[in-house]
Colleague: 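Mind having a look at this structure? Questions to follow.
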Protein chains: 2
Amino acid sequence: MTSMTIGRLAAAAEVGVETVRYYQRRGLLAVPEPTHGQVRHYGDGALARLRFIRRAQQLGFSLDEIADLLGLDEHTDRNAARALAKEKLAQIDERMARLSAMRSALTELVSCCEHTSTTQPCPILHTLAHPDERQSTAYSKSIAAG
Amino acid sequence: MTSMTIGRLAAAAEVGVETVRYYQRRGLLAVPEPTHGQVRHYGDGALARLRFIRRAQQLGFSLDEIADLLGLDEHTDRNAARALAKEKLAQIDERMARLSAMRSALTELVSCCEHTSTTQPCPILHTLAHPDERQSTAYSKSIAAG
DNA sequence: CTAAGGCCTGTAGTCAGGTACGGAGTCAAG
DNA sequence: CTTGACTCCGTACCTGACTACAGGCCTTAG
């Protein structure tokens, strides 16, 4: 059971000291009593908790959700954990779908811009300005023609 | 050339009045001189600009980037517009890649959780807590076995 | 013993894109 | 003429996850 000051703890978990304190304020991490004097000391449990938080963040969980996850027990809360994970998966799918829609719209505009005469107005800017008049371009015609 | 107060303009563009004012503060939209009295009036140009902003947002552009786009000319700035669009595409791809990584990690964990004995600790919580000890499960074995 | 660095608490600022609110003026309908 | 809706302006607040001080105390190396 190693004992660390907050600075060493933060370094070990590869986060900033201020981040550790922030997690404490958020209630994700306990604030130990000062061991002697006014300096607080942290054990391996705190480090494990910080690493848990970081990994859960990498999976897309918010700090509020991570607070819930931290409250679960490996042995008795399987269903709850799986439910949270599935919910998160659904959110990720939704975000990916939105990004995918942006992607295809942008891709179409860029292709269009690359394949039309430069004497025409820029299809990107033009479509943003007047999306209603769907301009007929060489590109869109070639698409339509298959 | 219709003339609208800010409320009608906002309604026509399907944004809030406060949002219009916010765009004015950001410099995306001009603040016209009060026509008479203290009430300002807006024309179709302002409406077109608001719609441009909304559509560009749907394509993933930030308000700062939209400010740049609004400064471009359909006829003379094709290259600049295309460059911005391509840059945005790259950012979208990056975000999708990150989401995709989250997605597959979560999917794996959920599957694992569904296919292992409930007498075992929850793989999701366990992996978050101890990612080093990669636990060997019926699921991971079946994967390994092909 | 002293200086540098680390720790303590508390408050405030950052980013983006809004949203809310307060108080005062204005405008149109009834 | 009043009432209610709308506008104007300025300022403050919101989310999420930090990040940055300020001012004071403690600790440790030289």
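Each chain gets a letter, A, B and so on, in the order its sequence line appears, and its residues count up from 1.
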Colleague: Sugar-phosphate atoms are those with a prime plus P, OP1 and OP2; base atoms are the rest. Using that split, label each nucleotide of nucleotides 20-30 of chain C B, S or - for protein heavy atoms under 4.0 Å, 5' to 3'.
Modeller: BB-----S---
Colleague: Where the side chain of B/T5 is concerned, which of D/dT7, C/dG17, C/dT19 is the nearest nucleotide?
Modeller: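 The answer is D/dT7.
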Colleague: With sequence neighbours left out, write down each residue that passes side chain to side chain contact (heavy atoms under 4.5 Å, CB included) with A/D68, or none if nothing qualifies.
Modeller: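 For A/D68 the side chain to side chain contact (heavy atoms under 4.5 Å, CB included) partners, ignoring immediate neighbours, are A/L84.
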Colleague: My understanding is that only residues two or more places apart in sequence, or in another chain, count here; which of them pass side chain to side chain contact (heavy atoms under 4.5 Å, CB included) with B/S100?
Modeller: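 With sequence neighbours excluded, B/S100 shows a side chain to side chain contact (heavy atoms under 4.5 Å, CB included) to A/M96, given in chain and number order.
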Colleague: To the nearest angstrom, how far is A/R26 atom CZ from D/dT19 atom P?
Modeller: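 Roughly 14 Å, once rounded to whole Å.
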Colleague: Taking OP1 and OP2 of C/dT19, is either one under 4.0 Å from a side-chain nitrogen or oxygen of B/T19?
Modeller: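 Yes, because at least one side-chain N or O of B/T19 sits under 4.0 Å from OP1 or OP2 of C/dT19.
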Colleague: Where the side chain of A/L63 is defined as all heavy atoms beyond and including C-beta, which of D/dA17, D/dC8, C/dT9 is the nearest nucleotide?
Modeller: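 Among the listed nucleotides, the one closest to the side chain of A/L63 is D/dA17.
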Colleague: Can you tell me if the side-chain N/O atoms of A/Y23 get under 4.0 Å from OP1 or OP2 in D/dA17?
Modeller: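 Indeed not, no polar side-chain atom of A/Y23 lies that close.
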Colleague: From OH of A/Y22 over to P of D/dT19, roughly how many Å is that when rounded to an integer?
Modeller: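 That distance rounds to 10 Å.
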Colleague: Expressed as a whole number of angstroms, how long is the span from A/E65:CD to D/dA17:C1'?
Modeller: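 Roughly 14 Å, once rounded to whole Å.
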Colleague: List, one per line, each side-chain donor-acceptor pair under 3.5 Å for residues 17-25 of chain A, sequence neighbours excluded.
Modeller:
unit_1: A/Y22; atom_1: OH; unit_2: A/R26; atom_2: NH1; d: 2.9
unit_1: A/Q24; atom_1: NE2; unit_2: A/Y42; atom_2: OH; d: 2.9

Colleague: Can you check the B/L9 CG to D/dT7 P distance for me, whole Å?
Modeller: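 Atom-to-atom, B/L9 to D/dT7, this comes out as 10 Å.
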Colleague: Of all residues at least two apart in sequence or in a different chain, which pass the salt bridge (Lys or Arg N to Asp or Glu O under 4.0 Å) check with B/E65?
Modeller: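 B/K88.
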Colleague: Under the side chain to side chain donor-acceptor pair (under 3.5 Å) test, which residues partner A/R49, sequence neighbours left out?
Modeller: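 For A/R49 there are no side chain to side chain donor-acceptor pair (under 3.5 Å) partners, ignoring immediate neighbours.
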Colleague: Can you find a heavy atom in the side chain of A/L70 that is under 4.5 Å from one in the side chain of B/L128?
Modeller: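 Answer no - side chains too far apart.
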Colleague: Which one, C/dC8, D/dC8, D/dT19, comes nearest to the side chain of B/R40?
Modeller: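 Nearest listed nucleotide: D/dC8.
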Colleague: Atom CD1 of B/I66 and atom P of C/dA16: how far apart are they, to the nearest Å?
Modeller: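 Taking CD1 of B/I66 and P of C/dA16, I get 13 Å after rounding.
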Colleague: Would you mind reading off the distance between B/L29 atom CG and D/dC8 atom P, rounded to a whole angstrom?
Modeller: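 After rounding, the reported distance stands at 12 Å.
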Colleague: Starting from P on C/dA16, measure out to CZ on B/R95 and report it in whole angstrom.
Modeller: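 About 13 Å, once rounded to whole Å.
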Colleague: Could you tell me which residues satisfy side chain to side chain contact (heavy atoms under 4.5 Å, CB included) with B/R82, sequence neighbours excluded, listed by chain and number?
Modeller: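 Per chain and number, B/R82 pairs via side chain to side chain contact (heavy atoms under 4.5 Å, CB included) with A/V110, A/C113, A/E114, A/I124, B/N79.
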Colleague: Quick one: A/Q57 CD to D/dG16 C1', roughly how many Å, whole number?
Modeller: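 It works out to 10 Å between those atoms.
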Colleague: Choosing from D/dA17, C/dC7, D/dC8, which nucleotide comes nearest the side chain of A/I6?
Modeller: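 Closest nucleotide among those given: C/dC7.
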Colleague: Filter on salt bridge (Lys or Arg N to Asp or Glu O under 4.0 Å), then keep only pairs touching residues 91-102 of chain A, sequence neighbours left out; what's left?
Modeller: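 Those involving residues 91-102 of chain A are A/D93-B/R103, A/E94-A/R98.
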Colleague: Counting side-chain heavy atoms from C-beta on, which of D/dT7, C/dG17, C/dC7 comes nearest to B/R21?
Modeller: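 Out of D/dT7, C/dG17, C/dC7, the nucleotide with an atom closest to B/R21's side chain is D/dT7.
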Colleague: Hey, what are the protein-to-nucleotides 28-30 of chain D N/O distances that come in under 3.5 Å?
Modeller:
none

Colleague: For the residue pair B/T5 and B/H41, establish whether any side-chain heavy-atom pair is separated by less than 4.5 Å.
Modeller: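 With C-beta onward as the side chain, the pair touches.
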Colleague: Is B/T2 close to B/L47 at the side-chain level, that is, under 4.5 Å between some pair of heavy atoms?
Modeller: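 With C-beta onward as the side chain, the pair stays apart.
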